[in-house]
Participant: 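Got a structure here, written out as structure tokens. Questions coming.
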Amino acid sequence: MNGKSHRLYVAPMQGYTDAVWRHAHAEVYGDMAGYFTPFVRMEKGEPRARDMRDVISPLNANHDPVPQIIFRDAAECGALLNALLSCGVRRVDLNLGCPFPPQCRKGRGAAMAGNVSVMSEVAVMVRNMPELEFSVKMRLGLTAADEWRALMPVLNDMPLSHITLHPRVASQQYAGDLYHDECAMFIEQSLHPVIFNGDIRSMSDIDDTLRRYPALGGVMAGRGLMRRPSLFAEWLDGSEWPATKRNEHLLQMHAIIYGHNRDTLCGPGQILMKMRTFWEYMQSESARKQWKAIMKAGTLHGYEAAVTSYFAAQDCP
């Protein structure tokens, strides 16, 4: 593994990095990273059932993911923590970074990054639950890049394994410049290890980030891994894989996910809709026509033919 000691983390992405994706990724590339479930949230006064199914899925056996929760107040946080405890969970990640307006408008996600009052209540709860290991994933703020500063004393007083920081504000979504100066200040002031998340798309992005911030505890990638699932494995190997090797592994991962979805989902429509999320970020210059055919496929036969053509176009055996 080239002697590299920094931790690698796979970002939780709603609708993408579900249990079957995580299972297939760990199976094909090895469990070399920390995985998180997409956030668990309350729905009609209860933890959402499909989120909880992801947490307790048998597919988690090969990678032991950390459940992430999103909440608008201490009451929601407590209800989610108690539900996870009852399932045997022992590690939880607190989402203070989701930038999507429907969640932020309700005070969840990145809106919580500047909510010192609620987070002070949550901090008391966290300190009183030693049976759980906690971490935080957050942005710098909702609309201003300095909102995190008021929250830092609360974070420093919490027993956290690490904090993952995406150095943007929620209003930027996933575009625009990263606030590197604020990120550096955040790392300097944090008493906990900091994991960097944001625009990690290539091996050089990982190296450049670790050089820019030598005190980092690791890096997290989301969309970069959706585009290139082998990214972390290649970085740990210390060199870029040949296209044939990348595609051989991608073909194996696809076979696991497609086989599972074909066996468990109801009808071609559901299967194809789910498989499109697997391919969404994988546009290829050498197989663009085939990628478009995959995304437009209306039958399983047409989809399978398009996938075969995609790999053939990239010289995958």
Side-chain angles (χ1 to χ4, degrees), residues 9-26 33-113 118-119 122 125-126 129 131-139 161 164 166 170 197 220 222-223 225-226 257 260-261 263-266 270-271 273-278 280:
Y9 295 87
V10 178
M13 293 177 60
Q14 290 291 320
Y16 297 90
T17 59
D18 57 9
V20 63
W21 187 95
R22 298 189 309 268
H23 172 86
H25 188 268
Y35 295 87
F36 296 81
T37 72
F39 61 68
V40 183
R41 67 175 176 87
M42 298 293 286
E43 184 175 71
K44 299 179 180 178
E46 299 287 340
R48 192 165 63 163
R50 73 180 187 186
D51 299 338
M52 295 299 291
R53 286 195 296 271
D54 191 80
V55 169
I56 64 173
S57 170
L59 294 168
N60 293 332
N62 71 341
H63 62 284
D64 190 26
V66 178
Q68 185 184 81
I69 63 171
I70 193 169
F71 50 90
R72 68 182 177 191
D73 51 37
E76 278 196 351
C77 182
L80 291 166
L81 292 176
N82 287 327
L84 292 173
L85 270 172
S86 70
C87 296
V89 167
R90 290 297 175 263
R91 297 181 296 161
V92 177
D93 191 63
L94 308 179
N95 184 315
L96 313 185
C98 176
F100 298 128
Q103 294 299 329
C104 291
R105 282 195 293 267
K106 295 175 182 177
R108 300 187 180 106
M112 191 62 65
V118 169
M119 283 306 299
V122 170
M125 189 182 308
V126 166
M129 300 183 81
E131 64 272 41
L132 286 173
E133 177 185 297
F134 288 92
S135 58
V136 164
K137 186 175 189 296
M138 64 182 291
R139 293 203 171 207
S161 62
T164 301
H166 185 134
N197 174 224
M220 174 181 281
R223 284 158 181 76
L225 279 168
M226 297 303 297
I257 295 175
H260 174 85
N261 288 338
D263 292 343
T264 58
L265 297 181
C266 298
Q270 279 194 12
I271 297 168
M273 181 172 65
K274 189 61 181 174
M275 293 311 303
R276 288 185 193 110
T277 65
F278 176 79
E280 184 174 337

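Along the sequence shown, the residues carry numbers beginning at 1. A quick note: this is a predicted structure, and the numbers were derived from the prediction, not measured.
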Participant: Supply the atom-to-atom distance Arg108 CZ to Arg72 CZ, rounded to the nearest 0.5 angstrom.
Facilitator: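 Nearest 0.5 Å value for the CZ-CZ distance: 5.5 Å.
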
Participant: What class does the angle between the rings of His63 and His23 fall in, given that below 30° is parallel, 30 to 60° is tilted and above 60° is perpendicular?
Facilitator: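 His63 and His23: perpendicular rings.
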
Participant: Considering all heavy atoms of both residues, which atom of Arg90 and which atom of Leu85 are nearest to each other, and what is their separation?
Facilitator: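 What the structure gives for the nearest pair is NH1-CD2, 3.3 Å.
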
Participant: State, with a plain yes or no, whether a side-chain heavy atom of Met129 is found less than 4.5 Å away from one of Phe134.
Facilitator: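 Met129 reaches Phe134 side chain to side chain.
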
Participant: Are the side chains of Trp21 and Thr277 in contact, using a 4.5 Å heavy-atom criterion?
Facilitator: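 No; the side chains remain at least 4.5 Å from each other.
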
Participant: Between Val122 and Phe71, is the side-chain contact (heavy atoms from CB on, under 4.5 Å) condition met? List the steps.
Facilitator: CA-CA 10 Å; Val122 170; Phe71 50 90; 3.8 Å; yes

Participant: Looking at Asp64, Leu132, Leu84, which hits side chain to side chain contact (heavy atoms under 4.5 Å, CB included) with Arg91?
Facilitator: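 Among Asp64, Leu132, Leu84, the one meeting side chain to side chain contact (heavy atoms under 4.5 Å, CB included) with Arg91 is Asp64.
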
Participant: For the pair Arg22 (side chain) and Thr17 (backbone), establish whether a donor and an acceptor sit closer than 3.5 Å, ignoring hydrogens and angles.
Facilitator: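 Yes, because the side chain of Arg22 sits within donor-acceptor range (under 3.5 Å) of the backbone of Thr17.
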
Participant: When you measure from the side chain of Asn60 to the backbone N and O of Asp54, does any donor-acceptor pair fall under 3.5 Å?
Facilitator: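 Here the side-chain-to-backbone pair exists.
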
Participant: Would one find more than 12 heavy atoms of other residues, nucleotides or ligands at under 6.0 Å from atom CZ of Arg50?
Facilitator: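 Not buried by this count: 12 neighbours or fewer within 6.0 Å.
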
Participant: Looking only at heavy atoms, what is the nearest atom pair of Ala19 and Leu59, with distance?
Facilitator: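 Residues Ala19 and Leu59, closest heavy atoms: O-CB, 4.0 Å.
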
Participant: State the CG-OG distance between Asn95 and Ser135, to the nearest 0.5 angstrom.
Facilitator: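 Answer rounded to 0.5 Å: 10.5 Å.
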
Participant: Can you measure from CD1 (Ile70) to SG (Cys104) and round to the nearest 0.5 angstrom?
Facilitator: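 With rounding to 0.5 Å, CD1 (Ile70) is 7.5 Å from SG (Cys104).
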
Participant: Please determine which of Ile257, Asp18, Thr264 meets the side chain to side chain contact (heavy atoms under 4.5 Å, CB included) test together with Lys274.
Facilitator: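 Among Ile257, Asp18, Thr264, the one meeting side chain to side chain contact (heavy atoms under 4.5 Å, CB included) with Lys274 is Asp18.
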
Participant: Could you report the tightest heavy-atom contact between Asp73 and Glu76, atom names first, then the distance?
Facilitator: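 What the structure gives for the nearest pair is OD1-N, 2.8 Å.
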
Participant: So which atom in Met42 and which in Ala79 form the shortest heavy-atom distance, rounded to 0.1 Å?
Facilitator: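 What the structure gives for the nearest pair is CE-CB, 3.9 Å.
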
Participant: Calculate, to the nearest 0.5 Å, the distance between atoms NZ and CE belonging to Lys106 and Met112 respectively.
Facilitator: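 Result: 13.5 Å between the selected atoms.
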
Participant: State the NE2-CD1 distance between His260 and Ile271, to the nearest 0.5 angstrom.
Facilitator: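 Reported to 0.5 Å precision, the distance equals 10.5 Å.
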
Participant: Is any side-chain heavy atom of Phe36 closer than 4.5 Å to a side-chain heavy atom of Lys137?
Facilitator: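 In short, these two side chains do not touch, never coming nearer than 4.5 Å.
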
Participant: At their closest point, which heavy atom of Phe39 faces which heavy atom of Ile69, and how far apart are they?
Facilitator: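 In this case the closest contact between Phe39 and Ile69 is CB-C, 4.3 Å.
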
Participant: Considering non-hydrogen atoms only, spot the tightest contact between Ala74 and Met125 and give its length.
Facilitator: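 Scanning both residues completely, I find the closest heavy atoms to be O-CE, 3.3 Å.
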
Participant: Any chance you could measure Tyr35, atom OH, to Asn62, atom CG, to the nearest 0.5 Å?
Facilitator: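 Those atoms lie 7.5 Å apart.
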
Participant: Closer than 3.5 angstrom, by distance alone: can the side chain of Asp51 be matched with the main-chain N or O of Arg41 as a donor-acceptor pair?
Facilitator: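 It does hold such a pair.
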
Participant: Going through the distances and angles, do His166 and Met220 end up as a side-chain contact (heavy atoms from CB on, under 4.5 Å)?
Facilitator: CA-CA 9 Å; His166 185 134; Met220 174 181 281; over 6 Å; no

